Amino acid sequence: LWSAKMNSNTNDQYLSEKLKFTLLSTTPSNESSLHPTKPCSVGVSLLSSASQLLFRATATSIEIIRNEHDVVHTISVNGVTKVSCSHDGRLLCAVHDKGVKCWDVVCANDVIETTVRWEKGDVICGNDCLFMSFSKRGYWVMIGILFGNVLVYNASNGDTVRNVGVKDARAGCWCDGDDDEGVLALGDLDGTISIGKVSGGEYTVLGKLNRPDLEGNWFCDHLHWFGGKFLAVGYYRINPPNEVYEDDEDDEDDPSEHESQFFIAEMSSSTIVSRWMDLGDVVPFFSVPRNGRHVFFTSHVPAVNLFVVASNLSYDVTVIYYSNNNWMELELQEGCIATTPTTPDDEYTYPTGMVMMSSNDGMPILRILSTDGQLSTFHIHNRDDEKYGYQYPPVNKLKSEPVTAIPTFSS
């Protein structure tokens, strides 16, 4: 799995003892608009990556970071709550306080340049955006709106796909099977997960997935399709207080009981679950900000059976490993876990974004953005020998020409 040293011992016990996340560096920012030591209550997602470029949103801009920590370009934009780039890094979308904006990103003579490609005002603003993501191939971008519709744009020209009449969706992701271009999954307020396909400017529902064994009313608040055949699903519910509660406006915590559950579905096709694997709450948390919401952040190491999970309500990152035909949580040794940084007063910060990517030398690195604006970079390796780690496949460099409109994506 990680090297010749670890290939002969890739069981969960061995990995629990040997796997380590080592902090390599932190890239500070003085422009975070969030409280540094409180979980973000609106579920922002301020980090995205592709082609060894990292896009970090601050209070007044989006920074493009290259060579692991060098800020090489800055885009001025206020109030960003969601940021996402295309699979090749050539298009960048952001939801901000005045709508949605999309930029071309090109590398000309080793210099990063950006140009506004299209923008939409008065469609969706800031905190009303629940999720946003680019398709894993092609140039579709999906945006979910609180108490509204799901918008799918042809990102090459900004046209909206017709007939995406999905209401009350709380989570969405793109499928990544070999034959699944344009196929997406949407998780609803009642916990239902529907599968649909975008083609020729139209959206068609393909089917609905059977639900895992969950008692009570749960809604789906996270979806992540990975490894070709696995779908990570987060469920969430809010129960009223058990006791008579007198509202105290000075109390920063929500009085209701919040619960989360995390599952991984093994898919036999894009519309059929062969089995569900229950992983419990995965990332425990103790409190939720008043009127706040829970958000999962997830990432996957390509071609390796490791999956990482974080939450806006917890400072630790959980590692899940595939062993003996099952996904399970790894209990890493003390000092080997990735966490958000602490402040000078030893108070914890909380995640606002997380991605897995390749370092300059091809090693896997985990990047975590926190509420104080710091970007933490972790090397993932064998704790007994930092030279031994998984080697990423070659990463395509950013191209020097803008994306052209693709006829098959025309609306």
Side-chain angles (χ1 to χ4, degrees), residues 1-2 6-21 133 136 171-178 180 185 187 191 193 195 209-215 218 220-236 259-285 294-311 314 316-333 336-338 351 354-356 364 366 368 378 380-382 389-390 392:
L1 175 62
W2 291 95
M6 297 184 74
N7 276 334
S8 60
N9 294 286
T10 54
N11 59 67
D12 55 313
Q13 179 64 35
Y14 186 82
L15 277 181
S16 295
E17 294 175 357
K18 300 299 182 183
L19 190 65
K20 183 177 182 180
F21 290 76
S133 67
K136 299 187 179 184
C173 74
W174 296 92
C175 306
D176 71 347
D178 292 338
D180 289 337
I193 300 172
I195 307 297
L209 305 185
N210 64 295
R211 292 184 57 178
D213 186 15
L214 270 176
E215 295 183 0
W218 296 77
C220 178
D221 77 335
H222 186 79
L223 292 169
H224 182 160
W225 208 297
F226 68 100
K229 66 174 185 178
F230 295 110
L231 178 63
V233 183
Y235 284 97
Y236 195 66
E259 298 179 81
S260 68
Q261 289 286 325
F262 197 82
F263 290 82
I264 293 182
E266 184 171 356
M267 309 296 296
S268 57
S269 72
S270 60
T271 58
I272 299 175
V273 177
S274 59
R275 64 187 177 118
W276 287 95
M277 288 163 272
D278 186 354
L279 291 153
D281 57 2
V282 179
V283 187
F285 56 89
H294 172 274
V295 175
F296 279 117
F297 300 102
T298 53
S299 194
H300 178 235
V301 184
V304 175
N305 298 328
L306 285 179
F307 192 76
V308 290
V309 187
S311 163
S314 178
D316 286 339
V317 173
T318 297
V319 180
I320 300 171
Y321 170 62
Y322 191 67
S323 175
N324 298 321
N325 202 34
N326 200 34
W327 287 95
M328 60 188 69
E329 182 180 339
L330 286 180
E331 298 290 342
L332 300 186
Q333 301 298 303
C336 295
I337 302 171
M354 181 178 71
V355 298
M356 191 78 69
L366 179 67
I368 304 173
F378 292 87
I380 310 170
H381 60 94
N382 185 326
Y390 167 72
Y392 256 69

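Source: prediction; values computed, not measured.
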(request) State, with a plain yes or no, whether a side-chain heavy atom of Leu209 is found less than 4.5 Å away from one of Met267. (result) yes

(request) Find the distance between CD1 (Ile193) and OG1 (Thr271) and round it off to the nearest 0.5 Å. (result) 12.5 Å

(message) With a 4.5 Å cut-off on side-chain heavy atoms, are Phe21 and Val317 touching?
(response) no

(message) On a heavy-atom basis, which atom in Pro351 and which in Phe297 lie closest, and how many Å separate them?
(response) O-CE1, 3.6 Å

(request) Quickly, which of Leu366, Thr318, Ile368, Val355 forms a side chain to side chain contact (heavy atoms under 4.5 Å, CB included) with Val308? Name it, please. (result) Leu366

(message) Checking Ser133 now: which residues fulfil side-chain hydrogen bond (donor to acceptor under 3.5 Å, both in side chains) with it, not counting sequence neighbours?
(response) Trp174

(message) If you count heavy atoms of other groups shown closer than 6.0 angstrom to CG of Asn210, is the number above 12?
(response) yes

(request) Looking only at non-hydrogen atoms, find the nearest pair between Ala185 and Leu223 and report the distance. (result) O-CD1, 3.6 Å

(message) Using the ring pair (Phe, Tyr, Trp, His ring centres under 6.0 Å) criterion, which residues pair with Phe262? Sequence neighbours excluded.
(response) Phe296

(message) Show the nearest heavy-atom pair for residues Met356 and Ile380, with the distance to one decimal.
(response) SD-CD1, 3.4 Å

(request) Identify, with sequence neighbours excluded, every residue that meets side-chain hydrogen bond (donor to acceptor under 3.5 Å, both in side chains) alongside Glu259. (result) Arg237, Asn239

(message) If I compare all heavy atoms of Ser311 with all of Val283, which pair ends up nearest, and what's the gap?
(response) CB-CG1, 3.9 Å

(message) Please report the interatomic distance NZ(Lys136) to SG(Cys173), rounded to the nearest 0.5 Å.
(response) 6.5 Å

(message) Could you measure the distance from the CD1 atom of Ile272 to the CD1 atom of Ile195? Nearest 0.5 Å is fine.
(response) 11.0 Å

(request) Sequence neighbours left out, what passes side-chain hydrogen bond (donor to acceptor under 3.5 Å, both in side chains) with Asn325? Give chain and number order. (result) Arg275, Tyr322

(request) Report yes or no: does Ser274 contribute a side-chain atom to a donor-acceptor pair with the main-chain N or O of Glu266 at less than 3.5 Å? (result) yes

(request) Can you measure from CG (Leu330) to CG (Leu306) and round to the nearest 0.5 angstrom? (result) 6.5 Å

(message) On a heavy-atom basis, which atom in Met328 and which in Ser323 lie closest, and how many Å separate them?
(response) CE-O, 3.7 Å

(request) Go through Tyr321 and Leu19 one step at a time and tell me if the side-chain contact (heavy atoms from CB on, under 4.5 Å) criterion holds. (result) CA-CA 11 Å; Tyr321 170 62; Leu19 190 65; over 6 Å; no

(message) Working to the nearest 0.5 angstrom, can you tell me the gap between Tyr236 OH and His222 NE2?
(response) 14.5 Å

(request) Nearest 0.5 Å please: distance from the NZ atom of Lys229 over to the CG atom of Leu231. (result) 13.5 Å

(message) Test of understanding: with side chain to side chain contact (heavy atoms under 4.5 Å, CB included), list the residues that count as partners of Leu214, not counting sequence neighbours.
(response) Pro212, Trp218, Tyr235, Gln261, Phe263

(message) Which residues pass the ring pair (Phe, Tyr, Trp, His ring centres under 6.0 Å) test with Phe226, not counting sequence neighbours?
(response) His224, Phe230, His300, Phe307, Trp327

(message) Ignoring hydrogens, what is the shortest heavy-atom contact between Ser270 and Trp225? Give both atom names and the distance.
(response) O-CH2, 3.5 Å

